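Everything below concerns the one structure shown next.
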Amino acid sequence: MNEKYIEVLQQYDLELISARKGRGAWLCETNQGLKLVREYKGTMKRLEFEDQVLEIVQNSGYPLVDRYVRSKEGLLSAAAEDGTRYFVKNWF
């Protein structure tokens with residue numbers, strides 16, 4: 001993934017403080033807390049469904065849910081320059 005996480009985070013309303021590589025993802029410390037950036041190969045429909053399920057779980061009394069973060073454009077994923085799609089999640 002190299003430094004693509006920087007390119008992806010620029011599409012979100014986040015300021016990167018530091019980053020470290022995890023298992024198949026990047027853990028990024030931002031001005032809005034810890035975020036996970038990972039490549040996504042599924043459909044947007046599936047991503048929207050997962051976000052709806054996670055919202056229901058969170059609203060059912062479980063505040064520490066790894067919800068997706070929407071980009072500045074309101075999307076659940078962002079594309080790098082090479083076309084690869086990534087998502088950003090809140091991480092704990």
Side-chain angles (χ1 to χ4, degrees):
M1 186 153 111
N2 299 336
E3 306 296 320
K4 291 181 185 175
Y5 66 92
I6 296 172
E7 183 182 337
V8 170
L9 285 176
Q10 290 174 346
Q11 297 177 48
Y12 290 81
D13 207 10
L14 302 168
E15 292 178 32
L16 181 65
I17 297 169
S18 67
R20 61 188 181 274
K21 191 162 175 70
R23 293 181 175 175
W26 285 91
L27 293 174
C28 301
E29 183 69 34
T30 71
N31 63 326
Q32 295 183 20
L34 195 59
K35 307 295 180 193
L36 177 120
V37 179
R38 178 175 283 161
E39 184 176 340
Y40 184 68
K41 294 184 179 180
T43 65
M44 290 306 299
K45 185 176 180 178
R46 172 66 185 200
L47 205 56
E48 289 287 347
F49 171 75
E50 287 180 20
D51 188 54
Q52 289 174 354
V53 170
L54 292 171
E55 181 180 16
I56 291 168
V57 171
Q58 188 176 42
N59 292 337
S60 296
Y62 298 92
L64 299 179
V65 175
D66 58 340
R67 294 276 314 270
Y68 293 100
V69 178
R70 291 193 179 268
S71 69
K72 292 176 184 175
E73 297 177 357
L75 303 174
L76 290 176
S77 69
E81 191 174 294
D82 65 358
T84 307
R85 301 212 58 85
Y86 294 89
F87 64 77
V88 176
K89 275 187 159 186
N90 292 320
W91 207 245
F92 306 96

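Values in this document were obtained by computation on a predicted structure and should not be read as measured data.
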What residues form a side-chain contact (heavy atoms from CB on, under 4.5 Å) with [X], not counting sequence neighbours?
X	value
Leu16	Tyr5, Ile6, Leu9, Ala19, Cys28
Gln52	none
Asn59	Glu55

query = How about Gln32: does its CD atom have over 12 heavy atoms from other parts shown lying under 6.0 Å from it?
reply = yes
Looking at residues at least two apart in the chain, or sitting in another chain, which of them share a side chain to side chain donor-acceptor pair (under 3.5 Å) with [X]?
X	answer
Asp66	Lys89
Glu48	Arg70
Ser77	Arg85
Asn31	none

Going by the rule salt bridge (Lys or Arg N to Asp or Glu O under 4.0 Å), which residues pair with [X] if we only count those two or more places apart in sequence or in a different chain?
X	answer
Lys41	Glu39
Arg23	none
Glu29	none

message = Quick check: is Val57 connected to Leu36 through a chain of hydrophobic side chains (ILVMFWY, heavy atoms under 4.5 Å apart)?
response = yes
query = Is it the case that one hydrophobic cluster holds both Tyr86 and Leu54, taking links as side-chain heavy atoms less than 4.5 Å apart, direct or via other members?
reply = no
When rounded to the nearest 0.5 angstrom, what distance separates [atom1] in [X] from [atom2] in [Y]?
X	Y	atom1	atom2	value
Trp91	Leu34	CH2	CG	9.0 Å
Leu75	Met44	CG	CE	6.0 Å
Glu7	Thr84	CD	OG1	9.0 Å

message = For Arg67 and Gln58: C-alpha separation, side-chain torsions, deciding distance, then whether side-chain contact (heavy atoms from CB on, under 4.5 Å) applies.
response = CA-CA 8 Å; Arg67 294 276 314 270; Gln58 188 176 42; 2.8 Å; yes
message = If we ignore hydrogens and angles and just use 3.5 Å, is the side chain of Tyr40 paired with the main-chain N or O of Thr43 as donor and acceptor?
response = yes
ask   = Where do Ile17 and Thr30 land on the side-chain contact (heavy atoms from CB on, under 4.5 Å) test, with the steps shown first?
value = CA-CA 5 Å; Ile17 297 169; Thr30 71; 5.7 Å; no
ask   = What pair of heavy atoms forms the shortest contact from Leu76 to Tyr12, and how long is it?
value = O-OH, 3.9 Å
Sequence-distant partners of Tyr68, ring pair (Phe, Tyr, Trp, His ring centres under 6.0 Å), two or more places apart = Phe87
task = Walk me through it: do Arg20 and Trp26 pass the test side-chain contact (heavy atoms from CB on, under 4.5 Å)?
result = CA-CA 6 Å; Arg20 61 188 181 274; Trp26 285 91; 5.6 Å; no
message = Between Leu14 and Lys35, is there a side-chain heavy-atom distance shorter than 4.5 Å?
response = yes
ask   = Apart from Phe92 itself, which Ile, Leu, Val, Met, Phe, Trp or Tyr residues share its cluster (side-chain heavy atoms under 4.5 Å, direct or through members)?
value = Leu64
